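Naming: A, B, ... by sequence-line order, numbering from 1 per chain. Keep in mind the model is a prediction, meaning the values are calculated, not measured. Hydrogens, waters and symmetry mates are skipped; everything else that's a heavy atom, side chains included, is used.
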There are 2 protein chains.
Amino acid sequence: MKKYLPRLKNSKLFQGIGEDELASMLDCLSAVTRNYYKGESVFSRGERIDSVALLLEGCIHIQKEDYWGNLSILSEISEGELFGEVYACLGSDELLNNAVAVKPSKVLFLDVKRILTMCPSACRFHGRLIRNLLTALAQKNKMLTQKLEHMSRRTTREKLLSYLSEQSQRAGSPVFDIPFNRQQLADFLSVDRSAMSAELCRMRDEGILSFDRNHFILN
Amino acid sequence: MKKYLPRLKNSKLFQGIGEDELASMLDCLSAVTRNYYKGESVFSRGERIDSVALLLEGCIHIQKEDYWGNLSILSEISEGELFGEVYACLGSDELLNNAVAVKPSKVLFLDVKRILTMCPSACRFHGRLIRNLLTALAQKNKMLTQKLEHMSRRTTREKLLSYLSEQSQRAGSPVFDIPFNRQQLADFLSVDRSAMSAELCRMRDEGILSFDRNHFILN
DNA sequence: ACCTTTCTGTTGTATTTGCAACTGTTTTGT
DNA sequence: ACAAAACAGTTGCAAATACAACAGAAAGGT
């Protein structure tokens, strides 16, 4: 666990909290870690949870499969990010999505009740922790709003441009990598993979963008 | 303001806080109210805000218009609900959507810094307030996830069924009213109004549902 | 009561999409 | 180094959608 203290210190949840404080906090929050194989579920639809999860290593997809096996990817969780915090905060609500490791992953779990319940002594930074959680929720909220913006476009081309523009803006450069392969991107944007692939090539031929695998350049 | 105390007491933000406490809190949070005409903007895209808004009376749509004037409705805010809390919590981020009164409305504004910053004396319930804000954010987060579920459906019919099922479940009955007219529902689901109208009638003819204006019955 | 505006449903057409099947390339595991 | 699996791109076709233009019904204002 010690190994991850520097990374934890820079996570959104523990931002502004010293490394020494952090170690004692982890006890206080009854922190446990667990490893997951590629393809293994961290959380499953219908479950109720009382811990927030912090991804120490690996990559998690928040996703769902419908009746006919069609996969829909809600979001990608990368190292240092939180997930499950919504349902941990809501307590009694059932999860609507699965959280699946797409790489071998290591996850830290923190009891949300202990985050929300003030411990009178020890944790000087408890208030900070709660505000960090609040900010993390607000940021995820904004991210979902942006995703809705992509999804509300009518055509595959518009969805792609909306998504790629955001990625470019986030990278602060017209050159950037995306965290999805074609099938995953299609599942993320809820479009047909082959039609999307064709659309990407059409845009490339029109000079709107260029790409190689996950690497994109917007013109 | 006194007039709204009972309603405030039952809002998500002030849940669990006594009416007497509430009155003193409102001072502490530098609460102000303002009235809006139908069609007037409460918040506008690109703005930065530092107050959360609580709708005392009326109805607000969180929406956006694109380049070509196509309207997209992100969500509907009804009486007692919060809005703007995401951007108030994020502080430096610009709003991505407009908040527009679709009826004459009365809005209460509360300085978010005062919510987040512990006041040492007076407000015994301050911790409760912060946890309420956290819960409100988590609930909105879940709502956005559900909307993404509707939007990720491929066909207009599936989007409608996904949305109507949720509304039915929320109402706890196969008989329910929706808060949108046809054009608004189309703008909410990002589909063509006339095609959606046709689809609704087809579903009615197939016996899947019946409706009259905003009133729906699922079979 | 009347006129105007808003709302809902209908139809036809061009465009776009999803789907399925297939090819060639890259990556992975042994 | 090789075989198998995963990945990306291509094409044809049936189905669904957006768009536009229109008609009737309901609601609102004077």
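- Residues of residues 208-219 of chain B that place a heavy atom closer than 4.0 Å to DNA chain C, in numerical order, are Phe211(B), Arg213(B).
- In terms of modelled atom types and a separation under 3.5 Å, the side chain of Asn97(B) and the main chain of Ile62(B) share no donor-acceptor contact.
- Contact footprint of chain B on DNA chain D: nucleotides with an atom under 4.0 Å from a non-hydrogen protein atom, first to last in 5' to 3' order, dA16(D) to dA26(D).
- Checked for salt-bridge contact, Glu40(A) and Arg34(A) meet the test: a charged N lies under 4.0 Å from a carboxylate O.
- If you measure from atom CG of Asn70(A) to atom P of dG18(C), you get 11 Å, rounded to the nearest angstrom.
- With sequence neighbours excluded, the residues satisfying salt bridge (Lys or Arg N to Asp or Glu O under 4.0 Å) with Arg202(B) are Glu199(B).
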Q | Base-pair map of DNA chain C as dot-bracket, where | denotes pairing with a different strand and pairs are Watson-Crick or G-U under 3.5 Å | A | ||||||||||||||||||||||||||||||
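- As a whole-Å value, the separation of Leu189(A) CG from dT17(C) P is 12 Å.
- The stretch residues 155-166 of chain B touches DNA chain D through Thr155(B), Thr156(B), each having a heavy atom under 4.0 angstrom from the strand.
- Of the possible polar contacts, none joining the Ser190(B) side chain to the Ala186(B) backbone as a donor-acceptor pair under 3.5 Å is found.
- Contacts of Tyr163(A) classified as ring-ring contact (aromatic ring centres under 6.0 Å, His included), with partners at least two apart in sequence or in another chain: His150(A), Phe188(A).
- Every residue two or more places apart in sequence or in another chain that forms a salt bridge (Lys or Arg N to Asp or Glu O under 4.0 Å) with Arg48(B) is listed here: Glu94(B).
- The distance from atom CG of Asp192(B) to atom P of dT8(C) is 14 Å, rounded to the nearest whole Å.
- Residue pairs meeting the salt bridge (charged side-chain N to carboxylate O under 4.0 Å, His left out) criterion with at least one partner in residues 169-189 of chain B, sequence neighbours excluded, are Glu166(B)-Arg170(B).
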Q.
Under the criterion side chain to side chain contact (heavy atoms under 4.5 Å, CB included), I'd like the reasoning laid out for Leu164(B) against Phe176(B): C-alpha separation, chi angles, the key distance, then a yes or no.
A. CA-CA 9 Å; Leu164(B) 293 173; Phe176(B) 57 93; 4.0 Å; yes
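- Pairs of residues two or more places apart, or lying in two chains, that qualify as salt bridge (charged side-chain N to carboxylate O under 4.0 Å, His left out) and include a residue from residues 80-90 of chain B are Glu85(B)-Lys140(B).
- Sorted by first and then second residue, the pairs that involve residues 63-72 of chain B and meet salt bridge (charged side-chain N to carboxylate O under 4.0 Å, His left out), not counting sequence neighbours, are Glu149(A)-Lys64(B).
- Atoms NZ (Lys38(A)) and P (dT27(C)) sit 14 Å apart, rounded to a whole Å.
- Counting any heavy atom pair closer than 4.0 Å across all strands shown, Asn181(B) reaches sugar-phosphate atoms only and no base atom.
- When the nearest nucleotides of DNA chain D are assigned to Arg154(A) and Cys201(A) by heavy-atom distance, the more 5′-ward of the two goes with Cys201(A).
- Put simply, the side chain of Arg193(B) and the base of dG9(C) share a donor and an acceptor less than 3.5 Å apart.
- When the ring-ring contact (aromatic ring centres under 6.0 Å, His included) test is applied to Phe216(B), the partners found at least two apart in sequence or on another chain are Phe211(B).
- For Phe43(B) and Phe83(B), the gap between ring centers is short of 6.0 Å.
- For Gln139(A), the side-chain contact (heavy atoms from CB on, under 4.5 Å) partners at least two apart in sequence or on another chain are Lys12(A), Thr135(A), Leu90(B).
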